[in-house]
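What follows is a single structure, written as structure tokens, with notes after it.
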Amino acid sequence: MALKNLEDLLGEDVSGRYVLVRSDLNVPLDGETITDDGRVRAALPTLKRLAEAGAKVVVTAHLGRPKGEPDPKFSLAPVAAKLTELLGVDVPLAGDLVGESAKATVAGLTDGQVALLENVRFDARETSKVEAERQELAAELAALVPGGAFVSDGFGVVHRKQASVYEIARALPAYAGGLVLAEVDVLKKLTEDLARPYVVVLGGAKVSDKLGVIANLLTKVDRLLIGGGMAYTFLKAQGHEVGNSLLQEDQLEQVRGFLAEAEKRGVELILPVDVLAATGFAADAEFDVVDATAIPADRMGLDIGPKSRELFAGKLADAATVFWNGPMGVFEFESFAGGTRAVAEALVESDAFTVVGGGDSAAAVRQLGLPEDGFSHISTGGGASLEYLEGKELPGVAVLGEND
């Protein structure tokens, strides 16, 4: 399905025309300080091209999970300041989403100017389960930009049926932004005409977050490497003691099924062989390196150990395609960042087509100071990437193909 895209829109001459852009600006904050501006920087190319073409650009986005009403701690004010800094021009922030401030801000735009609407999730209709309520909000957003067009450029939200993602694409002429197009193209490379060996590295805390994607990947991958907190549920499913490590008891039967399926299909399913077993969950916790099959009952695994890092790097060395989603340990704590660093460095050194699947993995790459251009692609949407690899349709992408 060919999607109408940014190039098609720019070919129509957008000078003086309103363009509503849904970006993903959901950045991590420490108070009012953005600790990782990767998503803001990823949004810039589309905004710059529209502004340079003379469009009046109105950006909508969310931040955090407010409860459907204004909440100062989730204001997009820090994002507006970051956009102003990175674009080098003032980016005004409307004080609301579709109210008087938004109307005045949008009406005051000049050709080539960019404005940001306040957090779209301050309006409960954005995420409502009731389609008519989402449609109502989409209609009000569309009314802000008379004669305008919509550009979907927030890949991190295209797996959601939300007013500013899905319904708005039916309320206005809709186009895929450059970021969304690039993400979809990359994901197609992970699902169609794969270069093999295809190796997937999964980490993060919970197996339950990745049930569907593991089930689907077992039909496609050559090797599946499991690290992070979810590894302990796999180790427990094999009958090993995991001490106080993160464990999902209710997923043990499901995981045993994955282990059996991998063996049946000839998929190498690789688990850590050693871990850093700590006395508690703290940056300064004491720890020992122990075999993954012999974690003391009073310890918790917070990272994969040196033998596991070497094992994982070896299993990545001959890969032709790699997808990585989820850290190998508590990378936020320096003592337990080594496993995540080892996997990331193995990908940087690899000749494979390497994709970092957004979320914590992308944050880890930046926090550890690794070169972003050392990877073929760093996704901006962890959840959307996983759902695509799970075989699910992404509503926010599918809807863009409806007006071809």
Side-chain angles (χ1 to χ4, degrees), residues 198-211 213-214 217-218 221-238 240 242-248 251 255 258-259 262 267-278 281 287 289-295 299-317 319 322-350 352 354-365 367-368 370 375 382 385-386 389:
Y198 178 25
V199 183
V200 170
V201 186
L202 292 180
K206 297 179 178 180
V207 178
S208 56
D209 291 341
K210 298 184 170 78
L211 292 177
V213 76
I214 293 173
L217 286 172
L218 285 174
V221 302
D222 299 297
R223 292 183 203 124
L224 182 58
L225 281 52
I226 304 287
M230 61 190 291
Y232 303 105
T233 301
F234 277 82
L235 290 166
K236 183 72 171 181
Q238 291 182 328
H240 304 304
V242 297
N244 293 326
S245 305
L246 190 63
L247 174 65
Q248 288 189 285
Q251 299 299 325
V255 167
F258 288 151
L259 292 166
V267 172
E268 277 191 89
L269 197 154
I270 311 297
L271 296 174
V273 293
D274 62 347
V275 304
L276 304 191
F281 188 85
F287 65 89
V289 178
V290 303
D291 287 346
T293 58
I295 299 172
R299 296 286 184 109
M300 61 173 61
L302 294 187
D303 195 11
I304 61 173
K307 290 179 183 175
S308 301
R309 297 169 196 177
E310 190 175 333
L311 170 66
F312 281 27
K315 293 296 182 182
L316 290 165
V322 181
F323 175 75
W324 168 38
N325 179 276
M328 298 295 98
V330 188
F331 74 93
E332 297 89 347
F333 298 159
E334 188 177 346
S335 296
F336 307 107
T340 301
R341 178 182 291 279
V343 165
E345 288 178 343
L347 296 191
V348 170
E349 293 166 13
S350 171
T354 54
V355 178
V356 180
D360 285 343
S361 310
V365 165
Q367 183 174 313
L368 296 173
L370 296 165
F375 306 89
S385 297
L386 289 175
L389 293 181

Aromatic ring pairing F375/W324, orientation class (parallel under 30°, perpendicular over 60°, tilted between):
tilted
Is there a donor-acceptor contact under 3.5 Å from the side chain of D360 to the main chain of P327?
no
Shortest non-hydrogen contact from A237 toward L259
CB-CD1, 4.2 Å
Flag side-chain contact, heavy atom, 4.5 Å: Y232 against I295:
yes
Side chain to side chain, L276 and V289, heavy atoms closer than 4.5 Å:
yes
Work out which heavy atom in V267 is nearest to a heavy atom in V221; give both atom names and the distance.
CG2-O, 3.5 Å
May I ask you to test the V207-F234 pair for a side-chain heavy-atom distance under 4.5 Å?
yes
One should read off an interatomic distance between I226 CD1 and L271 CG, to the nearest 0.5 angstrom, of 7.0 Å
Between L269 and F258, which heavy-atom pair has the shortest distance, and what is it?
CD1-O, 4.4 Å
Counting distance only, does the side-chain N/O of T233 pair as donor-acceptor with the main-chain N or O of Q248 below 3.5 Å?
yes
Sub-3.5 Å donor-acceptor pair from the side chain of S361 to the main-chain atoms of G326, do we have one?
yes
Does V275 form a side chain to side chain contact (heavy atoms under 4.5 Å, CB included) with R299? I'd like the steps, not just the answer.
CA-CA 11 Å; V275 304; R299 296 286 184 109; over 6 Å; no
Around E310, counting heavy atoms of other residues, nucleotides and ligands shown, do more than 12 lie under 6.0 Å from its CD?
no
State whether the side chain of D222 and the backbone N or O of V199 hold a donor-acceptor pair below 3.5 Å, judged by distance alone.
no
Quick check: closest heavy atoms across A205 and L246, and the distance to 0.1 Å?
O-CD2, 3.1 Å
Determine the minimum heavy-atom distance between M230 and K206, stating which atoms define it.
CB-C, 4.0 Å
Worked verdict on Y198 versus F323 for ring-ring contact (aromatic ring centres under 6.0 Å, His included)
CA-CA 8 Å; Y198 178 25; F323 175 75; 8.0 Å; no
Using side-chain heavy atoms (C-beta onward) and a distance below 4.5 Å, is L316 in contact with E349?
no
Donor-acceptor pair, side chain of K307 and main chain of D291, under 3.5 angstrom
no
Can you give each donor-acceptor pair under 3.5 Å made by side-chain atoms of residues 334-348, sequence neighbours left out, with the distance rounded to 0.1 Å?
{"from": "T340", "atom 1": "OG1", "to": "M328", "atom 2": "N", "distance (Å)": "2.9"}
{"from": "R341", "atom 1": "NH2", "to": "L368", "atom 2": "O", "distance (Å)": "3.3"}

Inter-residue atom distance I304.CD1 - F312.CZ, 0.5 Å rounding
5.0 Å
Measure the spacing between CD1 of I214 and CG of L386 and express it to the nearest 0.5 Å.
9.5 Å
Return the minimal non-hydrogen interatomic distance between L247 and K236, and the atom names on each side.
CD1-CB, 3.7 Å
